[in-house]
Chemist: 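There's a structure below that I have some questions on.
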Amino acid sequence: MSDKSRENARIDEPTGTELVGHEWDGIEELNTPLPRWWLWTFYATIAWSLVYVVLYPAWPLVERATEGVLGWSSRGELAEEMSAADLARRSVYEQIAATDITKLPANPELMGQAIAGGAAAFKQHCVQCHGAGAAGYEQYGYPNLNDDDWIWGGELAEIEYTLTHGIRWGGSRQTRQAYMPPFEGALEKPQVDALVNHVLSLSGKGQSSTEGVQLFAQNCAACHQPDGSGDQLQGAPALNDAIWLYGGEAANIRAQILNPRHGVMPGWSDKLDPVTIKMLAAYVHSRGGGESAEEGTEEVASDAEAVAEAPEGGDDERL
Amino acid sequence: MSVSEPTAAAVGNVKERDWAAALPSEGADPIAAKRLSDPSTPPPKLYEKRKAVHNKRIDGPFRRLKWAIMVVTLTIYYVTPWLRWDRGPYAPDQAVLVDLANRRFYMFDIEIWPHEFYFVAGLLIMAGIGLFLVTSAVGRAWCGYACPQTVWTDLFQHVDRFVDGDRNARIRLDKAPWGPAKIARRLFKWSIYLLISLLTGGAWILYFADAPTLVRDFFALEASPVAYATVGILTFTTFWLGGFMREQVCIYMCPWPRIQGAMLDEKSLIVTYKHWRGEPRGSLKKAKKNPGADGDCIDCLQCVAVCPTGIDIREGQQIGCITCALCIDACDKVMKEIGRPRGLIDYATLEQCEAEMAGKPPTPAWKALLRPRTFIYFGIWAAIGVAMLFALGTRSHTDLTVSPDRNPPYMLMKDGSVRNAYTLRLRNMEARPRDMEIALVGLPQGAVMWTDRIGRESAAESQRVTVPANETRVVRAYVTVPNGVSADSFSFRLTSLDEQGEQDTAQTSFSSPENEP
Ligand code: SF4
Ligand code: SF4
């Protein structure tokens with residue numbers, strides 16, 4: 001304290017202590033010495049910060065911060081954690097790789113892990129077309145993956161095949177191929193009307209006519225089957241259900257007859273490894289519409305899962 | 001003894017004597033005044049070395065109370081983790097256990113789940129209000145008797161006495177130059193400190209894992225790193241705070257004294273020196289020579305010598321006083337020896353002090369406990385306790401929460417039926433696996449459900465699920481409503497298929513193209 005400020009200093013009568021001269025609403029501050037260990041603690045914090053500055057990135061420079069002798073960086077730590085996580089996942093990956101996809105449901109724990117892995121991969125690769133909830137976009141012809149209508153089959157192996165080779169995808173010779181001829185010019189307008197009405201009647205909407213039945217039998221039944229139930233082997237969609245890829249109104253159906261659209265799905269064999277594809281198939285199958293689910297395995301499933309869940313329990317399972 | 005006037009006379013003297021002028025704290029400190037007027041004197045120091053406190057051994061009712069509380073609290077602390085409690089094969093058999101890994105808190109028959117954290121919040125609120133209650137009634141008695149810092153400091157002060165002797169011997173030893181004998185003594189003392197600290201830190205971790213297993217693992221060097229780190233930190237803090245920082249923690253580190261000081265009022269019992277009875281103080285000799293001229297305090301400094309924080313209570317209430325009442329024990333002993341009534345230093349309220357100063361007869365201390373403020377605090381405290389007990393007694397051991405899928409909100413199926421998907425959380429809070437039934441309530445005829453475990457082929461109006469012991473099972477449920485039937489809101493009902501038949505119902509909504517959310 002300078003002498004100048006001490007000139008105005010006063011003594012607090014009851015305690016005999018000098019006052020520092022600050023006053024708040026009549027309450028004044030006593031000039032009581034601090035304990036010496038406070039001072040040492042203060043020095044210790046300074047020493048700590050100096051050591052920290054030397055060891056860790058600290059001073060921001062023009063390009064980047066000083067590096068610190070430990071060479072630590074948050075990026076490096078992240079990379080380390082990621083590779084540790086990869087390592088931890090490796091055995092699951094290997095197990096999934098070694099298991100035929102049709103056998104996956106028999107191992108509920110592995111199936112659960114595959115579904116979880118598939119959900120993550122789906123968010124990265126599939127949501128752009130099929131949407132975050134896998135509900136697709138009817139107006140663009142991206143199919144809904146939650147429902148129980150499958151053009152190429154909804155069993156695990158079939159989904160895996162579609163994922164691997166794609167649909168009408170130039171990247172694979174084994175890609176799913178189906179082609180619907182355009183009837184623009186081949187049919188008269190009343191004929192098209194009759195056909196549209198017949199297709200609508202297959203799913204209980206509208207009235208068919210003898211002409212419609214005839215036209216359908218001649219032009220469509222080879223692929224879509226006489227009753228309109230479709231053919232998964234050929235990739236001919238079922239027409240007798242409530243689900244439509246390009247819309248179920250008369251106008252949509254007319255457009256599709258006259259000038260069919262053909263969606264393309266890329267195969268993922270060149271971008272994703274087989275394990276990821278397998279996991280994606282498991283996830284898509286699990287969305288609630290998968291065909292031929294794990295019949296007869298439920299009892300085993302629930303018990304085995306109970307045991308499997310106990311030690312790990314993920315975060316939200318217990319909350 | 002000649003100095004044996006009755007209290008009434010002593011109190012009567014007060015009016016004639018100007019006791020206030022005799023108080024050391026009254027009037028400017030001559031040294032301080034000189035320091036100011038003389039510019040060559042150095043300014044007050046910025047930092048000050050800690051003055052060691054060598055408190056003297058004392059015996060008396062309050063000291064014995066302090067002993068009793070120390071024994072009880074330390075026993076509870078060290079013994080609790082070793083109590084066993086049979087909870088069956090699916091739950092740990094430790095009576096009090098904070099199971100962080102499985103997020104459970106066990107306390108005898110009570111088991112707290114994370115979603116019941118309000119019980120812990122309630123306990124914290126009760127602790128807070130309990131502190132208000134104690135403080136408004138008996139000042140900082142928590143600090144003086146039950147605070148862990150106090151208990152361990154007290155324990156370490158007993159170690160000091162055991163190794164180095166009582167106050168005078170310790171002061172002598174402190175001043176003595178360092179030699180082999182002093183070093184040996186210090187090392188011996190510090191190793192006892194360290195042992196106590198190690199036991200303290202060691203006992204703490206036993207609350208978080210099975211105690212016998214953990215002790216074995218700990219010494220086999222197989223315990224988790226966090227166990228060693230916790231023991232290390234707690235050993236160090238106990239050693240340092242209890243052995244060396246002591247009253248510095250109470251005065252400079254702890255926030256409670258500030259809060260508690262503000263919670264006292266003129267009706268709270270605090271440790272008070274009755275200056276109107278004690279002043280002016282004089283030596284025993286003077287008092288003997290001239291009975292009645294001086295006050296009762298013979299300036300023997302016994303009250304200062306026994307104080308664990310080293311303060312002089314005769315200077316009035318101050319932040320260093322933890323209301324441990326050892327000074328009362330000391331002074332009462334002195335008063336007995338010089339044939340004076342006890343209570344020169346005593347638990348008293350400011351109001352009682354004023355009444356006594358005005359010459360009214362003293363009121364018994366316990367009366368200060370009964371007043372609206374303490375009743376209100378006690379009422380709130382007890383109400384929360386009773387409410388929590390009620391909630392504990394009536395809570396169900398099954399619980400169901402439902403969250404409907406929002407993306408997509410509904411799904412059209414081939415046959416035109418509408419399907420919604422839900423995530424159900426089935427909680428079984430009992431220590432055994434239980435079969436439960438999930439049923440649809442309030443949906444039109446034909447609505448069925450299935451789950452990710454029970455396939456679409458076995459869709460029905462209700463499904464059975466086994467929920468493992470002490471677990472939450474997450475189930476994805478699909479519900480379909482037939483083509484052309486409309487549905488809006490409905491409930492899932494969870495029923496335990498055992499003798500309890502516990503039920504929980506969770507309402508949710510059904511989305512369809514007609515009532516798109
Ligand atoms: S002044 Fe008395 S009550 Fe206060 S801390 Fe010291 S001995 Fe305890
Ligand atoms: S112990 Fe009692 S008599 Fe002795 S100095 Fe303290 S107040 Fe005075």
Side-chain angles (χ1 to χ4, degrees), chain A residues 1-3 6-7 9-18 31-40 108 115 131-136 144 146-149 203-204 238 240-243 286-290 293-295 297-298 301-303 305-307 309-311 313-314 316-319, chain B residues 23-33 35-36 39 43-50 102-103 113-115 245 248 251-252 315-316 405-409 411-417 419 421 425 427 433 450 452-458 465-469 471-474 476 478 483:
Chain A
M1 209 190 261
S2 76
D3 276 3
R6 287 192 78 216
E7 271 166 31
R10 289 177 296 109
I11 298 288
D12 173 56
E13 298 250 309
T15 57
T17 314
E18 222 170 273
N31 193 2
T32 312
L34 287 171
R36 199 176 56 178
W37 59 265
W38 271 30
L39 187 67
W40 286 111
I115 291 172
N144 187 333
N146 301 302
D147 60 31
D148 54 348
D149 192 20
S203 51
N240 61 352
D241 60 23
I243 295 169
S286 79
R287 289 298 299 174
E294 55 271 51
E295 288 127 43
T297 55
E298 292 94 47
S302 51
D303 288 345
E305 205 128 335
V307 175
E309 271 176 17
D316 49 356
E317 305 227 330
R318 287 172 194 277
L319 275 175
Chain B
L23 269 183
S25 51
E26 286 295 322
D29 182 339
I31 302 166
R35 206 166 59 215
L36 270 192
K45 274 190 282 180
L46 275 178
Y47 301 100
E48 201 174 62
K49 194 174 175 230
R50 170 182 180 243
N102 297 311
R103 291 193 253 172
W113 283 51
H115 73 282
M245 293 310 280
Q248 301 280 307
I251 297 174
Y252 296 106
E315 284 172 9
D405 267 19
R406 291 285 175 225
N407 182 15
M411 190 50 48
L412 200 60
M413 303 306 274
K414 270 203 293 207
D415 58 4
S417 58
R419 190 194 78 200
R425 289 194 155 75
R427 232 175 245 131
W450 69 95
D452 52 353
R453 314 282 156 95
I454 295 154
R456 203 165 6 145
E457 314 74 46
S458 5
V465 185
T466 307
V467 187
E471 285 258 355
T472 300
R473 170 161 234 181
V474 181
R476 238 178 108 71
Y478 300 101
N483 195 355

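Within every chain, numbering begins at 1; the chains are lettered A, B, ... in the order of the sequence lines, protein sequences first and strands thereafter. We use all heavy atoms of the structure for the numbers below, so side chains are in, but hydrogens, waters and symmetry mates are not. Note that the structure is a prediction, hence the values are computed from the model and not measured.
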Chemist: Looking at B:Arg456 and A:Gly290, would you say the former's side chain and the latter's main chain have a donor-acceptor pair under 3.5 Å?
Modeler: yes
Chemist: Judged by atom type as modelled, is there a donor-acceptor pair below 3.5 Å linking the side chain of B:Arg473 to the main-chain atoms of B:Thr466?
Modeler: yes
Chemist: Chain A heavy atoms under 4.5 Å from B:Met411: which part of the residue, side chain, backbone, both or neither?
Modeler: side chain
Chemist: Excluding sequence neighbours, so at least two apart, what forms side chain to side chain contact (heavy atoms under 4.5 Å, CB included) with A:Ile243?
Modeler: A:Asp147, A:Asp148, A:Asp149, A:Asp241, B:Lys414
Chemist: At a heavy-atom separation under 4.5 Å, does B:Asp405 approach chain A through its side chain, its backbone, both, or neither?
Modeler: side chain
Chemist: Report which part of B:Arg419 has an atom under 4.5 Å of a heavy atom belonging to chain A: side chain, backbone, both, or neither.
Modeler: side chain
Chemist: Quick check: closest heavy atoms across B:Gln248 and A:Pro35, and the distance to 0.1 Å?
Modeler: OE1-CB, 3.6 Å
Chemist: With sequence neighbours excluded, what pairs up with A:Trp37 under the ring-ring contact (aromatic ring centres under 6.0 Å, His included) test?
Modeler: none
Chemist: What residue, out of B:Arg476, B:Met245, B:Arg50, has the most heavy-atom pairs lying under 4.5 Å from chain A?
Modeler: B:Met245
Chemist: Quick check on B:Tyr252 against chain A: is it the side chain, the backbone, both or neither that has a heavy atom closer than 4.5 Å?
Modeler: both
